[in-house]
Amino acid sequence: MPDDLVVQINPTRVAMIGTDSKPCRCISLEGEIGKGVSCSIYEQRSSPCREFEAAWVDGQPNPSCDAARAAYGLPPLEANEPIWPPEGAEVA
Ligand code: SF4
């Protein structure tokens with residue numbers, strides 16, 4: 001993780017710049033929320049990012065996904081709703 005993308009939040013932990021304020025917007029998020037976004041460091045993203053699934057990706061709801069969307073005025077994803085990117089698409 002590049003040092004210039006993180007902020008120290010305690011002696012042992014860092015967070016992506018922009019995720020420590022409300023509404024959060026990670027410094028590495030590119031694009032327009034609600035239209036189309038991507039992670040500019042997708043291959044280097046942290047384990048919390050890797051572990052986070054959008055609602056219904058694994059067939060389960062995700063209240064954290066719903067809350068993140070709500071912070072930007074977006075409704076929760078619905079089961080079987082297509083998500084971006086389509087399966088198999090390459091994310092920059
Ligand atoms: S996946 Fe990328 S854009 Fe999203 S929070 Fe993690 S580093 Fe930021």
Side-chain angles (χ1 to χ4, degrees):
M1 185 63 55
D3 287 346
D4 60 340
L5 299 179
V6 297
V7 59
Q8 196 83 35
I9 57 172
N10 69 35
T12 59
R13 299 186 68 195
V14 296
M16 294 299 294
I17 292 173
T19 62
D20 59 338
S21 59
K22 300 283 184 186
C24 74
R25 182 181 172 121
C26 177
I27 191 173
S28 295
L29 188 68
E30 296 182 329
E32 187 177 346
I33 294 173
K35 302 284 187 192
V37 293
S38 62
C39 174
S40 64
I41 59 164
Y42 191 74
E43 293 301 325
Q44 293 82 41
R45 70 196 190 285
S46 66
S47 55
C49 297
R50 293 176 185 275
E51 293 162 7
F52 190 96
E53 294 277 16
W56 308 112
V57 164
D58 59 0
Q60 300 295 315
N62 181 344
S64 295
C65 176
D66 296 348
R69 292 175 58 83
Y72 282 91
L74 298 171
L77 294 173
E78 296 181 14
N80 303 317
E81 181 176 345
I83 62 168
W84 187 94
E87 189 173 335
E90 189 166 313
V91 177

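We use all heavy atoms of the structure for the numbers below, so side chains are in, but hydrogens, waters and symmetry mates are not. We count ligands from 1, going down the list as the structure has it; atoms in each ligand are counted the same way.
The closest donor-acceptor contact from the side chain of Ser40 to the backbone of Ser28 lies under 3.5 Å. Proximity of a side-chain donor or acceptor of Arg69 to a complementary backbone N or O of Asp66 within less than 3.5 Å is not detected.
A 4.5 Å side-chain heavy-atom check between Met1 and Met16 finds at least one atom pair inside the cut-off.
By the definition of a contact as any protein heavy atom under 4.0 Å away, atom 4 (Fe) of ligand 1 is not in contact.
At a threshold of 4.5 Å between side-chain heavy atoms, the hydrophobic network of Ile, Leu, Val, Met, Phe, Trp and Tyr places Val7 and Ile41 in one connected group. Taken together through direct or relayed side-chain contacts under 4.5 Å among Ile, Leu, Val, Met, Phe, Trp and Tyr, Leu77 and Phe52 form parts of separate hydrophobic clusters.
What you find for Glu53 and Asn62 is that their closest heavy atoms are O-ND2, 2.6 Å.
Protein N/O/S atoms closer than 2.8 Å to atom 2 (Fe) of ligand 1: Cys39 SG.
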